[in-house]
Amino acid sequence: MTVTDHPLVARARLLASELLEPEAERVDQEGVPASHIEAVKRSGLLGLTAPAEYGGSAAPPAVVREVSEILAGACGSTWFVQSQHHTPVQVLARGEPAARERLLGPLARGDLLSGVAYAQLRAHPRAPVRARRDGTGWRFDGSVPWCTGWGLNDVLLLAGLTDDEAVFAFIDAHDQPGLRPSAPLRLAALTAAHTVSLELDGLRVPDDSVALRLPYADWAPTDRAKTLNTNPAIFGIASAALSLLDESTATPLRTHLADLRTRAYALADHPSPLERVAERLAVRAEAYAALNTATTAAVVAGGGRSMSLTSKAQRLARDGMFLLIQGQTAETRQAHLEALTR
């Protein structure tokens, strides 16, 4: 079976063609509706990376990437909301038994949707969110700058720092004592993804909701490895933009994109995730350049119509702009800026 023949890829294509793509411009302006999330839950795609013994699909990386491309190209906002879910699933799969047995099954089956609030760990040695022992549980204090899917997520994977340890815990994704969300953030791109900031002031979490504790020094290399590789959504959005062009314009751009995709995924599949770092960052920057070219070409081809907020070309260009900073670290930012000045 090839990747394109995989049942999960077929489900993603069906979801994209029947719901996400036809509604994408409306969703971009009005927000991801709960009905979209219910459709994603029913599709089985939330269990994409989850272990089979918990009801997931344990899909191979190539299938995971293909599904991500399809969903991102169809509706960037819906893709981004559901993309948050897969990190909590992976954390639970190797985490504490109590939280795993309570939550991994519902998350793998799509009964629950999880968001994330852990990017603030990348600010280390600063600690925007502090975690500390509090009786039989934990207390979290501080500020989470970005939390996507608020009002759509059922639960949330929150992370904080002790002096030297990262603590990941699940909380219910709604207002509660010790947690105050901001109003929805108005953003240049993906406003539809229901992003807020969170203020934590003595948020208490019981021990059995802690999914993972590990030294920050052990967590950081794994996180770094994820940020070095090219996001599959880049190829999905670029391909969607190229579909708006005539073949004579699209063909050379599509050929270049396919070459980049092959190189990027070969690096992602390399058995040593922290080797060939310079090459990973270079390919990542090349992919951003190809994405920018594709979305710019779509805007140019659309002419004055591209200035309308109902323009698919404009939406894709803004979705592409968002990917320039999504998952950004000081290392990837510097590499990207250096590539832009060559």
Side-chain angles (χ1 to χ4, degrees), residues 1-21 24 36-94 104-114 116 222 225-240 242-243 254 257-273 280 283-284 287 290-291 319 323 326-327:
M1 181 190 299
T2 66
V3 169
T4 54
D5 293 331
H6 197 283
L8 291 169
V9 172
R11 287 186 217 171
R13 291 197 188 283
L14 187 65
L15 180 67
S17 63
E18 292 193 346
L19 178 64
L20 302 189
E21 189 170 0
H36 270 41
I37 299 306
E38 289 305 312
V40 173
K41 287 179 174 181
R42 290 194 303 270
S43 72
L45 295 176
L46 292 181
L48 199 62
T49 63
E53 60 267 32
Y54 287 88
S57 300
V63 169
V64 174
R65 293 190 293 251
E66 186 82 11
V67 168
S68 184
E69 287 186 27
I70 292 166
L71 299 184
C75 177
S77 294
T78 304
W79 160 76
F80 191 50
V81 171
Q82 67 81 41
S83 73
Q84 313 292 295
H85 179 89
H86 303 292
T87 295
V89 166
Q90 292 158 11
V91 167
L92 276 174
R94 63 190 179 100
L104 186 51
L107 292 176
R109 294 190 301 269
D111 298 334
L112 298 176
L113 177 73
S114 182
V116 297
T222 301
K226 289 195 300 184
T227 64
L228 295 174
N229 289 319
T230 306
N231 188 335
I234 290 174
F235 301 112
I237 292 172
S239 295
L242 294 181
S243 73
R254 193 173 286 121
L257 192 70
D259 172 65
L260 278 170
R261 184 178 185 269
T262 298
R263 287 190 281 144
Y265 290 169
L267 288 166
D269 288 335
H270 191 279
S272 299
R280 292 175 196 271
V283 170
R284 191 176 187 268
L291 171 63
D319 288 354
L323 290 183
Q326 192 256 330

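Heads up: numbering here begins at 1 and tracks the sequence.
A pairwise comparison of heavy atoms in Gly110 and Leu46 identifies CA-CD1, 4.0 Å as the closest pair. Nearest heavy atoms, Ile237 versus Ala72: CG1-O, 3.6 Å. Heavy atoms only, all atoms of each residue included: Thr227 and Gly327 are closest at CG2-O, 3.6 Å. In terms of heavy atoms, Asp111 sits closest to Lys41 at O-NZ, 3.8 Å. The heavy-atom pair separating Ile70 from Ala12 by the smallest distance is CG2-O, 3.6 Å. Across all their heavy atoms, Leu104 and Val89 have their closest contact at CD1-O, 3.9 Å.
We find the CG-CG distance between Leu242 and Leu291 to be 9.5 Å, quoted to the nearest 0.5 Å. Atom CG of Leu8 sits about 6.0 Å away from atom CG of Leu45, to the nearest 0.5 Å. To the nearest 0.5 Å, atoms OG1 (Thr49) and NE2 (His85) are separated by 7.5 Å. Between Leu14 atom CG and Leu20 atom CG the span is 10.0 Å, to the nearest 0.5 Å. Note that the CZ atom of Arg13 and the CG atom of Leu71 stand 10.5 Å from one another [nearest 0.5 Å].
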List, one per line, each side-chain donor-acceptor pair under 3.5 Å for residues 229-236, sequence neighbours excluded.
from, atom 1, to, atom 2, distance (Å)
Asn229, OD1, Arg280, NH1, 2.8
Asn231, OD1, Ala233, N, 2.9
Asn231, ND2, Gln326, OE1, 2.8

Determine all donor-acceptor pairs shorter than 3.5 Å in which one atom belongs to a side chain in residues 76-83; sequence neighbours excluded.
from, atom 1, to, atom 2, distance (Å)
Trp79, NE1, Ser68, OG, 3.1
Gln82, OE1, His86, NE2, 3.0
Gln82, NE2, Trp79, O, 3.0
Ser83, OG, Phe80, O, 2.7

Less than 3.5 Å apart, which donor and acceptor atoms pair up between the side chains of residues 52-60 and the rest of the protein, not counting sequence neighbours?
from, atom 1, to, atom 2, distance (Å)
Tyr54, OH, Arg100, NE, 3.4
Tyr54, OH, Glu101, OE2, 2.4

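Annotation: salt bridge (Lys or Arg N to Asp or Glu O under 4.0 Å) contacts involving residues 69-93, sequence neighbours excluded, comprise Glu69-Arg261.
Shown here are the side-chain hydrogen bond (donor to acceptor under 3.5 Å, both in side chains) partners of Arg42, two or more places apart in sequence or in another chain: there are none. Annotation: side-chain hydrogen bond (donor to acceptor under 3.5 Å, both in side chains) contacts of Arg284 (sequence neighbours excluded): Tyr288.
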